[in-house]
Each structure stands twice: as structure tokens, then as C-alpha cells.
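Written out below as C-alpha cells is the structure these notes cover.
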Amino acid sequence: MSPVVFIHTNLGLFTLIGNCPLDIYTKLQAAASIFISNKMRGGSLWQLGQSITRRLARADKKTIARRHFASDAENLKKTALHDFHVANGGKMVPFAGWSMPIQYKDSIMESTLNCRQNGSLFDVSHMCGLSLKGKDCVPFLEKLVIADVAGLAPGTGTLTVFTNENGGSIDDSVITKVKDDHIYLVVNAGCRDKDLAHIEAHMKSFTAKGGDVSWHIHDERSLLALQGPLAAPVLQHLTKDDLSKLYFGEFRILDINGVSCFLTRTGYTGEDGFEISVPSERAVDLAKAILEKSEGKVRLTGLGARDSLRLEAGLCLYGNDMEQHVTPVEAGLTWAIGKRRRAEGGFLGAEKILKQLDEGPPVRRVGFFAGGPPARSHSKVHDEQGNPIGEITSGGFSPCLKKNIAMGYVKSGLHKAGTKVKIEVRGKAYDGNITKMPFVPTKYYKPS
């Protein structure tokens, strides 16, 4: 039986499946869209799957089989819910060194729509949660990120960016001040090793000078993301705490389904929802309880729909929309730089970032609507006269809007909403226009 092929350019699965010859990679990169398999159906996704299948047929099949499907499965890490995913029809693929579900029995389009209409439960245990503790944990972290951590009230958090000496982005992260001497944060799975090495190197220097900070990596915990309009009413069945008093960006340690959990009202879909850090030995029980209380309306959902949802919400994917050479200002995250931090600096790369705040960045992240085939990462963007002005970083077909959307970077001054552009896909230019993001309105739960 021939192997199932899963491909997603936005999530970079090529490099994780195996060492791909450049010529084959180029053919796949040109055609790949949202995850497809030889059994997937559903409109444009299926048509795109056929396109990739034809390209694979023209490539060296033996080379692909040898380099892509020689099993490295035994080397992949598995979350505490791995067997639960398989038992529920999860299609498992390598991602960031983990075996993760791309989708279940629903198509990616169906899963995306169900999250917006009802709710989704994601296993995001591959991401890395950690705690910084000590009386100096706040000033230590402020040397590494752009957020005003000291200004956060206990039990609140924010999105931030770890920066390098040149002002570029090492990773984006949601950080929470649990207490003045305890910070909880979650970093991306694909950035785990470099993030931890970066934090550890600076921690050693900081503590050598007398600073009081230590850390704990929460490998004993799993992380579930419950998203969608039913997230709060379903989760309320499993806790005595009043979730109506917990707003977007806030954090609590409370009992859920009889076990102490870290609960943050946040997510990566644009919907109301929660990320729940639970002891790994209780993760499956919690997942089952959530699904049961929803009476089938909240569904297990994989990485494929998660990517469609975050793109519709205009949220960055590190490695595509943010990289080591991209500053937070260029990425449209100026709002995440605290007012005090703008005045004082004190974080890595502050000189360049603060200069861009004063003078403007050379490029800006923007959204696009586009005709023709969906634009993909590295598709070139031109003005109406054919002059190059930028590049797409993420793109795809929006299940909710039923049209192509994308995000990317263009030269400053050409970034205004409504600006007409030409987007190059497979050597042909298609009409597009710049638009504001999010593409789908966000529904975060905030005070009236």
C-alpha cells in the first residue's frame, strides 16, 4: 500500500518528513497547500491534492519513498494523548519532532467551520511550557522580551517577542505574570531548543551577577486548547470557578475535572477559548470529559485546521511570518512593545527597534485578498507596474470566507489597505489587493 502524503508549506513539514532533494522540494513547494492525503475530499483542497499527486508522479518515486517514508516514527516524541488521537481517527504526521494529528475524520474545511460555529479541542502538548521563579524573574525576562512584564497585574498575560541583538525575532510567546516572583510562558515547539538555550545562557550570566531567578520546564504537563463559542459553557461544567469572571489574557490555577490546572483565556484561532495545562496522567480524562460535556459539538481538531484558523485570524506563524531577521515593528506587533519599554529600552535589539518606532520600518506585514490559485510562502508581490514590492509568507483558501487570503511583507508606503497588487503564483501574475487583518473578526472575551 502506498504511503499517505501529508504536505503543508506553512507548517514546514517537508523538512520534518525527511531530507528532500531540492528538485523534488521545489515541485512540491510550488503546488502544496493545506494538508492533503490520497483520501481527502472537499472542493479546492481535493483539486489541489490532485495537482500535487501529478507532480509526485513525475518525480523520482524511489527517491521519495526512500528519503521521505523510510520510517523515523520510532524517533518521534508522542504526547500523552497520542493513542487517544489514533483511536479517534487522527491522521498522525511528524511535526517539530513530534507525532501530531493533522486532522481526524472531518476534512480541514469542516473542522475549521465547526470551530467557528461550535468548538474545537486541540492537543498542543508539543509546545513548551515553563516557569521562571525568583524575586528577579521579572527584570530578568525584561532583558529578553519587548513586553512591559513589570506592568502586568498578577494573573494577567500578553503576547510578546523574544528578540536578538539585531532586533530580530527569536520567537513569539504568551507570557503570564502568575505572581511577582513567578512567570509562566509557552514557547513554540519548533523553537524549543533554541529558546531554552537562549534563556539558559542569559540566566547563567544573570545569576552569576547575583540575580535571583530559576526555571522549571513543565515536561510533566500536557497542554490542551479549547476554542470556539462553546468553549466557556462546556468548560464551566467541569469547574466550580466562575469562568465569566476570567477575561481574555487572564490566568488562574484552578481545579478542572478534579485536577489542578493552569488555565489561560487565550488561543490561536481568533475565537474565545482557553489553553489548559494539565498533569499528563490526567490529560486523556480531561479531553474525554470536554468532548462528553459538549454532546458531540466540540470536536477533536488537528494542526491543519489550526493553521487555517490562525491565518483567518491574521496571527503570525513563527518560521513563516516571523523570523530571526524580522523585527516586531515590521511584523505589526508594535502594540506589544510596552510604553515604558519604548521609553527605557533595555531589551536585546532595542536600539534598532526603537529607531523603527520613530522613523518607521522598511517593510510591513499586511493581509491580502487574491484571485487565481492560492498564494503560498515566497510568492512574489508586485505593484501594478510590475515592480517587486514584497513577498507572501502565508496563504491559503479561507474555509469561512470562501476565497483566497494571504499575509506577507511589502515596502512601507505601499502597505495601505486597498492598494492593488499583482501576486505571482507559478510564474503567472494574479490580481490582488492589500487588506487589513484579521480576515475573520476575532471574538475574544473582554469586559464590556
Apply side-chain contact (heavy atoms from CB on, under 4.5 Å) to the pair Phe95 and Leu76, showing each step before the final yes or no. CA-CA 9 Å; Phe95 179 70; Leu76 295 174; over 6 Å; no
Answer whether the closest heavy-atom distance between the side chains of [X] and [Y] falls below 4.5 Å.
X	Y	answer
Tyr409	Val326	yes
Phe274	Leu243	yes
Thr176	Leu185	no
Leu226	Ile290	yes
Leu311	Ile405	yes
Phe84	Leu300	yes
Glu275	Leu223	yes
Ser111	Ile108	no

What is the minimum heavy-atom distance between [X] and [Y], and which atoms define it?
X	Y	answer
Ala283	Ala80	CB-CB, 4.5 Å
Gly210	Asp136	O-OD2, 4.3 Å
Arg342	Ile337	NE-O, 3.0 Å
Leu130	Ile217	CB-CA, 4.1 Å
Asp171	Cys191	OD2-CB, 3.3 Å
Tyr104	Lys91	O-NZ, 3.3 Å

Side-chain donor-acceptor contact under 3.5 Å, Asp285 with Asn257: no
Mind checking the [atom1]-[atom2] spacing from [X] to [Y]? Nearest 0.5 Å is all I need.
X	Y	atom1	atom2	result
Lys446	Lys443	NZ	NZ	14.5 Å
Leu246	Thr264	CG	OG1	8.0 Å
Leu333	Asp321	CG	CG	10.0 Å
Arg221	Cys128	CZ	SG	13.5 Å
Leu254	Asp241	CG	CG	4.5 Å
Leu235	Leu230	CG	CG	12.0 Å

Please assess Val145 against Val161 for the test side-chain contact (heavy atoms from CB on, under 4.5 Å), listing each intermediate value before the final yes or no. CA-CA 5 Å; Val145 302; Val161 178; over 6 Å; no
For salt bridge (Lys or Arg N to Asp or Glu O under 4.0 Å), just list the numbers for Asp83 and Lys78, CA-CA rounded to whole Å, side-chain angles, deciding distance to a tenth of an Å, and then say yes or no. CA-CA 9 Å; Asp83 292 346; Lys78 297 178 180 179; 5.6 Å; no
Can you tell whether the side chains of [X] and [Y] come within less than 4.0 Å, N to carboxylate O?
X	Y	value
Asp106	Arg299	yes
Lys293	Glu295	no
Asp148	Arg340	yes
Asp180	Lys135	no
Lys352	Glu330	no

Sub-6.0 Å ring centroid separation between [X] and [Y]:
X	Y	result
Tyr445	Tyr247	yes
Tyr268	Phe122	no
His218	Phe262	yes

Take Ser222 and Ser280 through the test side-chain hydrogen bond (donor to acceptor under 3.5 Å, both in side chains) and record every step on the way to the result. CA-CA 5 Å; Ser222 295; Ser280 290; 2.9 Å; yes
Could you check whether any side-chain N or O of [X] sits under 3.5 Å from a backbone N or O of [Y], counting only pairs where one atom can act as donor and the other as acceptor?
X	Y	answer
Ser173	Val186	yes
Asn164	Gly168	yes
Tyr184	Phe251	no
Ser379	Arg376	yes
Thr160	Ala147	yes
Arg341	Glu142	yes
Ser205	His202	no
Ser169	Thr327	no
Thr442	Tyr444	no
Arg310	Gly270	no

Summary of salt bridge (charged side-chain N to carboxylate O under 4.0 Å, His left out) pairs that have at least one residue in residues 107-118, sequence neighbours excluded: Arg116-Glu271, Arg116-Glu312
Does anything in residues 189-211 form a salt bridge (charged side-chain N to carboxylate O under 4.0 Å, His left out)? List the pairs, not counting sequence neighbours. Arg192-Asp219
Would Lys177 and Ile183 count as a side-chain contact (heavy atoms from CB on, under 4.5 Å) if you check the C-alpha gap in whole Å, the side-chain angles of each, and the deciding distance to 0.1 Å? CA-CA 5 Å; Lys177 181 193 280 186; Ile183 301 294; 3.9 Å; yes
Run the side-chain hydrogen bond (donor to acceptor under 3.5 Å, both in side chains) test on Gln227 and Thr269 for me, step by step, so that the C-alpha distance in whole Å, both residues' side-chain angles and the decisive distance to 0.1 Å come before the verdict. CA-CA 7 Å; Gln227 300 284 294; Thr269 64; 2.8 Å; yes
For Thr79 and His126, what are the C-alpha separation, side-chain angles and deciding distance, and is it a side-chain hydrogen bond (donor to acceptor under 3.5 Å, both in side chains)? CA-CA 7 Å; Thr79 74; His126 59 308; over 6 Å; no
Count the heavy atoms belonging to other residues, nucleotides or ligands that lie under 6.0 Å from NZ of Lys240, then report whether that count exceeds 12. no
Assess whether side-chain contact (heavy atoms from CB on, under 4.5 Å) is satisfied between Ile170 and Gln324, documenting all intermediate values. CA-CA 5 Å; Ile170 294 174; Gln324 295 271 6; 3.9 Å; yes
Could you check whether Lys403 makes a cation-pi contact with Phe369, meaning its NZ or CZ is under 6.0 Å from the centre of the six-membered ring and within 45° of the ring axis? yes
Checking Asn320 against Thr393 for the side-chain hydrogen bond (donor to acceptor under 3.5 Å, both in side chains) test, could you report, in this order, the C-alpha distance in whole Å, the side-chain angles of both residues, the deciding distance, and whether it holds? CA-CA 5 Å; Asn320 274 51; Thr393 53; over 6 Å; no
